[in-house]
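For clarity, every value in this text was computed on a predicted model and none was experimentally measured. One-based numbering, in listed order, for ligands and for the atoms of each.
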Amino acid sequence: MAEVSALLQKARTAAERAHCPYSRFQVGAVIETELGDFEGCNVENASYGLTICAERVALFHAVAHGAKQFRRLAVSCRSAKENDPPASKMPCGACRQVITELMPAEAVIEIDGVGVWQVGELLPLAFRLP
Ligand code: THU
């Protein structure tokens, strides 16, 4: 088995805390900042559209603590199986928009079971206010 970074290990642990009674799909994320690491998990709701992804919970958690430097993000779709398609392990479009606004384009995102990308590769032509 490939070696798992400490950050990815934290994301896997965070996924265990997911509140996902509807999808049963656990996701965890952790963002490394100048104030330390902040974790997130997906939190679903009976009003399905209110669900929030693990990546945004982790990033907003860090923002709420005053972090300004979003250095590296690890994401683990814990419920995805090894042979499931890579797309089932990647951040959704909404999270990519938030990631793009908060993290520098050169920062690295580590996706469990898939690989490593730079933020700038994940959302071409992202929206930005003029
Ligand atoms: N989910 C995430 O937490 N992150 C993503 O990037 C994709 C999807 C969650 C939302 C929902 O609770 C479950 O996975 C199934 O879509």
Side-chain angles (χ1 to χ4, degrees):
M1 209 179 78
E3 197 176 308
V4 172
S5 74
L7 206 65
L8 202 45
Q9 194 52 61
K10 280 190 180 184
R12 286 183 181 179
T13 302
E16 292 172 20
R17 300 193 282 268
H19 173 72
C20 54
Y22 308 105
S23 72
R24 306 240 173 246
F25 193 77
Q26 294 179 311
V27 186
V30 55
I31 178 77
E32 188 183 289
T33 79
E34 83 282 17
L35 300 181
D37 297 340
F38 294 90
E39 292 160 343
C41 58
N42 51 327
V43 182
E44 299 183 346
N45 191 271
S47 178
Y48 300 156
L50 301 183
T51 291
I52 181 165
C53 297
E55 296 91 323
R56 277 175 287 153
V57 171
L59 287 163
F60 297 164
H61 182 190
V63 169
H65 279 263
K68 303 276 182 233
Q69 291 168 30
F70 303 88
R71 293 175 175 157
R72 191 178 177 98
L73 179 71
V75 181
S76 177
C77 289
R78 196 173 190 274
S79 303
K81 303 281 169 287
E82 200 178 326
N83 292 326
D84 283 345
S88 66
K89 303 170 187 175
M90 296 295 291
C92 79
C95 288
R96 292 182 198 207
Q97 176 69 30
V98 171
I99 289 166
T100 299
E101 176 146 340
L102 293 176
M103 297 181 72
E106 323 74 53
V108 166
I109 304 195
E110 207 178 340
I111 314 281
D112 202 357
V114 188
V116 166
W117 279 268
Q118 287 193 313
V119 166
E121 297 176 295
L122 285 185
L123 185 63
L125 304 175
F127 173 72
R128 287 189 194 274
L129 281 173

Open item on the list: With a sphere of 6.0 Å drawn around CD of Glu101, does it hold more than 12 non-hydrogen atoms of other residues, nucleotides or ligands?
Closed with: no
Task: Taking every non-hydrogen atom, the tightest pair across Asn42 and Val27 - done: OD1-N, 3.0 Å
Task: Proximal protein residues to ligand 1, non-hydrogen atoms under 4.0 angstrom - done: Ser23, Phe25, Val27, Asn42, Glu44, Thr51, Cys53, Ala54, Glu55, Met90, Pro91, Cys92
Task: CD1 on Ile99 to CZ on Arg56, rounded to 0.5 Å - done: 9.5 Å
Task: By side chain to side chain donor-acceptor pair (under 3.5 Å) - contacts of Asp37 (at least two apart) - done: Lys10
Task: Option passing side chain to side chain donor-acceptor pair (under 3.5 Å) with Asp112 (candidates Arg78, Arg12, Lys89, Gln9) - done: Arg12
Open item on the list: Parallel, tilted or perpendicular: which one describes the rings of Phe38 and His61, with boundaries at 30° and 60°?
Closed with: perpendicular
